[in-house]
Undergrad: 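There's a structure below that I have some questions on.
Keep in mind that this is a model prediction, so the values were computed, not measured. For ligands, and for the atoms within them, numbers begin at 1 and follow the listed sequence. All residue numbers refer to positions in the sequence shown, counting from 1.
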Amino acid sequence: MADATQARNPPHIIGEDTMANTNPFDDDRLHEECGVFGVYGHAEPAALVALGLHALQHRGQQAAGIVTWDGEQFHAHRGLGQVGENFSSREVIQRLPGLAAIGHCRYATTGEVALRNVQPLFADFEFGGLAICHNGNLTNSYHLRRQLVRRGSLFQSTSDTEVIVHLIATSLKDHVEDRVIDALRQVEGAYSLAALTQNCLIGVRDPLGVRPLVLGRLGEAWVLASESCALDIIGADFERDVEPGEMIIIDGNGLRSRKPFDPERKRICVFEYIYFSRPDSIVDGISVYETRKRIGAELARESHVMADIVIPVPDSGVPAAIGYAAECGLPFELGIIRNHYVGRTFIEPTDQIRHLGVKLKHNVNKAEIAGKRVILVDDSIVRGTTSMKIVEMFRHAGAAEVHMRISSPPTSHSCFYGIATPERQDLLASHMTVEEIAKHIGVDSLAFISIDGLYRAMGEAWRDPAKPRFCDACFTGDYPIPLVDHEAGKVSTQLSLLTETA
Ligand code: AMP
């Protein structure tokens, strides 16, 4: 890889390519769901990153980007849309030569879907170029941004990640690693980062480890990925999780680990297990699939009801429904058939589209339903739109009774650490009791797993309020990282929006 002399010749970034911004629902909220992937020491890093991002596509579908370093210069390709829309052609991959690369797939809740926010972000510094991508959400980014702007920083995007870039730029430390550490000591929030410089690949996980990040090995090459399923797809071996608060530096001399932050107790996001991560991933040593089955079994122990069949709401409700059915001894049936050619409904940003989306996505398998008492198992109720439509379809199909069991506690609080959730008032559980939600979605009975039941399924005796093992703020309102921006009010409206076409 590059030696220090190259740092004196600032590289150029070339090969920017774009798709038009076609999303009409932009506004200025910046909460993101994302996946990151990085490779160091392989002859075809861009191809590997594109494959890795394919496996992480569920973490963000609105934009994707890859930056490579070839020893002399950086190359980048970024675009709106899914990974396959941007990185399927051999030509694109050939325009991204190098020995190291990082990539990102992004979903900005209702945030600005402009090209200027598509990651990896790239900037030239005194020490040379640096590309960076981020999964998570910073909770004091507006606060820091205001300070930086006052001191003369010129922001190019509305992404919270750019705050890290400016903090690196304004750091007085000599070495890039120290500058990154300096920058991260000032930010609050959740971050799993992959960064690429002329000399090294850097991976960092925030001190609480809210978002996952794993390390893998492919021959001599090192790999960083949001989830272990992305290592599997490229045939890489899982090495270990990046630890909360750990910084990994991979360069021509191998791998180094630094622990620059004060140790804190880890609080990985429990929703990664319930819904967000792929079931074939192992997150912090725990299988997502097995966990979901255990939650289903726990749910059956807590709130079983007499019925004929157990039916999952596909796909995310499937493992919990398998666990539920096995525990209560009822047949597990595919009573809802999913159309795999439409995206996730929840991420469609208007109610109108979302309503349509549920119908487009799910159809009831009438032959299995008529005259039966049905237990439907889903992972969560957010706005209730999915449940309401599905219950209506079951009634139409002649179900004798429709009971709903949810493999998470009621989602009563918004996430500020990187999972896209609506404003609190739009979460049904923020203002309705379980009985009211049951009435609202039209079921004969409704039960959510209890928070202690969830912790039991995760291998704990109960949720110890003095030292909970996970971040479960969306269910408890116990936010482990201060919500600096949120508490300061609606500062987000200060950002100007930019619609960009290519
Ligand atoms: P809703 O229809 O608003 O109640 O949303 C609930 C459905 O959305 C469930 O079936 C979940 O599988 C799914 N879901 C929950 N959280 C999210 C999220 N953050 N992003 C996308 N889908 C989600």
Undergrad: Take every heavy atom of E33, measure it against each atom of ligand 1, and state whether any distance is under 4.0 Å.
TA: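 It does; at least one heavy atom falls under 4.0 Å.
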Undergrad: In Å and rounded to the nearest 0.5 Å, what is the CZ to OG1 distance from F271 to T421?
TA: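 Between F271 CZ and T421 OG1, I get 8.5 Å after rounding to 0.5 Å.
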Undergrad: Are E298 and K293 ion-paired here, with the side-chain N under 4.0 Å from a carboxylate O?
TA: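 The answer is no: the pair does not qualify as a salt bridge.
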Undergrad: Examine the proximity of ligand 1 to F276 and report which part, side chain or backbone, both or neither, has a heavy atom under 4.0 Å away.
TA: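 Neither; no heavy atom under 4.0 Å.
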Undergrad: Just heavy atoms, cut-off under 4.0 Å: does S316 contact ligand 1 by side chain, backbone, both, or neither?
TA: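 It is the side chain that gets close, since no backbone atom is under 4.0 Å.
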Undergrad: At less than 4.0 angstrom from any non-hydrogen atom of I381, what atoms of ligand 1 do you find?
TA: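 With I381 as reference, the close atoms of ligand 1 come out as 4 (O).
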Undergrad: Would you check the N or O atoms of A420, main chain and side chain alike, for any that come under 3.5 Å of an N or O of ligand 1?
TA: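 A420 vs ligand 1: N/O contact under 3.5 Å present.
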Undergrad: Looking at F448, I'd like to know if the NZ or CZ of R405 sits under 6.0 Å from its six-membered ring centre while staying within 45 degrees of the ring's axis.
TA: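 Judged by the rule, R405 and F448 form no cation-pi pair.
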Undergrad: So is there a nitrogen or oxygen of S387 less than 3.5 Å from a nitrogen or oxygen in ligand 1?
TA: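 In fact, backbone or side chain, S387 has no N or O that close.
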Undergrad: Please report the interatomic distance CG(L51) to CG(L56), rounded to the nearest 0.5 Å.
TA: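 Answer rounded to 0.5 Å: 11.0 Å.
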Undergrad: I need the full list of ring pair (Phe, Tyr, Trp, His ring centres under 6.0 Å) pairs touching residues 289-331, with sequence neighbours left out, sorted by first then second residue.
TA: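 Output for this query lists H304-Y324.
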Undergrad: Which atoms of ligand 1 have any heavy atom of I419 under 4.0 Å away?
TA: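 Within the 4.0 Å cut-off of I419, ligand 1 contributes 19 (N).
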Undergrad: Heavy-atom distances under 4.0 Å are what count here, so tell me which part of Y107 touches ligand 1: side chain, backbone, both or neither.
TA: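 Y107 to ligand 1: no contact under 4.0 Å from either part.
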Undergrad: Report the part of D379 (side chain from C-beta onward, or backbone N, CA, C, O) that has a heavy atom under 4.0 Å from ligand 1; answer both or neither where that applies.
TA: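 The answer is the side chain of D379.
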Undergrad: Quick one: list whatever passes side chain to side chain contact (heavy atoms under 4.5 Å, CB included) with D308, sequence neighbours left out.
TA: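 For D308 the side chain to side chain contact (heavy atoms under 4.5 Å, CB included) partners, ignoring immediate neighbours, are K372, R373.
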Undergrad: May I ask you to identify, for T385, whether its side chain, its backbone, both or neither come under 4.0 Å of ligand 1 on a heavy-atom basis?
TA: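 For T385, backbone and side-chain atoms both sit under 4.0 Å from ligand 1.
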Undergrad: Regarding E327 and R301, does a basic nitrogen lie under 4.0 Å from an acidic carboxylate oxygen?
TA: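 Yes, this pair counts.
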Undergrad: Under 4.0 Å between a side-chain nitrogen and a carboxylate oxygen: does that hold for R469 and E460?
TA: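 So R469 pairs with E460 through a salt bridge.
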Undergrad: Is the closest N or O pair between V313 and ligand 1 shorter than 3.5 Å?
TA: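 In fact, backbone or side chain, V313 has no N or O that close.
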